[in-house]
Amino acid sequence: MMRSEKLVNALVDCVNHCNYCADACLDTDDIGMMKDCIRTDKVCAEVCSALAKVALIDGANITDLVKYCAAICQQCADECKKHDHKHCQDCATACETCVEACNSYLA
C-alpha cells in the first residue's frame, strides 16, 4: 500500500462531503447565515482535491501542502460544527478525519 493511499482516501471523502455540504447549504432558509460555511466548504474541497492529485505523483514533496490542507480542513470542521444541519455535522466529521490522515502522513 502506498504511504499516501490512506491520505488520498480521506481527501476524496472530504472533497465529497464539502461539495455536498456547500450545495445543501444553498437550500437552507437563511442562506446569509450559511455564507461562511459555503465559502469554507469550497476552499476545503479545492485544497483537498489538489492535494489528492499531487499526492499520487511518486516522489512529489507534499509536506507543506499536507500541513496547509490540515489547517484548512480544521477551519472547515470548526465552521461546520457551528451549524445543526446533518450535512454540516457530517462534513465536520469528514474534515476532522482528513486532519487526522494529514497528521498521520506527516508523522
Reported SG-to-NZ distance for the pair C69 and K67, which is rounded to 0.5 angstrom:
13.5 Å
Treating Ile, Leu, Val, Met, Phe, Trp and Tyr as nodes and any side-chain heavy-atom pair under 4.5 angstrom as an edge, say whether Y105 and L11 lie in one connected cluster.
yes
Membership question, hydrophobic clusters at under 4.5 Å side-chain separation (ILVMFWY): are L106 and L51 in the same one?
yes
Report all side-chain donor-acceptor pairs from residues 79-94 shorter than 3.5 Å, counting only partners two or more places apart or in another chain.
unit_1 : atom_1 : unit_2 : atom_2 : d
E79    : OE1    : K82    : NZ     : 3.1
E79    : OE2    : H83    : NE2    : 3.1
K81    : NZ     : E96    : OE2    : 2.4
K86    : NZ     : D90    : OD1    : 3.3
K86    : NZ     : D90    : OD2    : 2.6
Q89    : NE2    : H83    : O      : 2.6
T93    : OG1    : Q89    : O      : 3.1

Running the 4.5 Å side-chain criterion over Ile, Leu, Val, Met, Phe, Trp and Tyr, what cluster does M34 land in, apart from itself?
L26, I31, M33, I38
About how many Å separate NZ of K42 and CG of D23, when rounded to the nearest 0.5 Å?
10.0 Å
Shortest non-hydrogen contact between A52 and V8, atoms and distance
O-CG2, 4.0 Å
To the nearest 0.5 Å, what is the distance between CG (D78) and SG (C73)?
11.0 Å
Taking all non-hydrogen atoms of both residues, which atom of D41 and which atom of A22 are closest, and how far apart?
OD2-N, 3.1 Å
Any chain of hydrophobic side-chain contacts (each under 4.5 Å) joining L65 to L7?
yes
Nearest 0.5 Å, what's the CD-CD1 distance between E46 and I72?
12.0 Å
Please check if atom CG in D30 has more than 12 non-hydrogen atoms from other residues, nucleotides or ligands closer than 6.0 Å.
yes
Point-to-point distance, once rounded to the nearest 0.5 Å, from CG of N16 to OG of S49:
9.5 Å
Taking C-beta and beyond as the side chain, do C18 and C48 meet within less than 4.5 Å on heavy atoms?
no
Tell me whether V54 is reachable from V66 by hopping between hydrophobic residues (I, L, V, M, F, W, Y) whose side-chain heavy atoms are closer than 4.5 Å.
yes
What distance do C102 atom SG and K6 atom NZ have between them, rounded to the nearest 0.5 Å?
10.5 Å
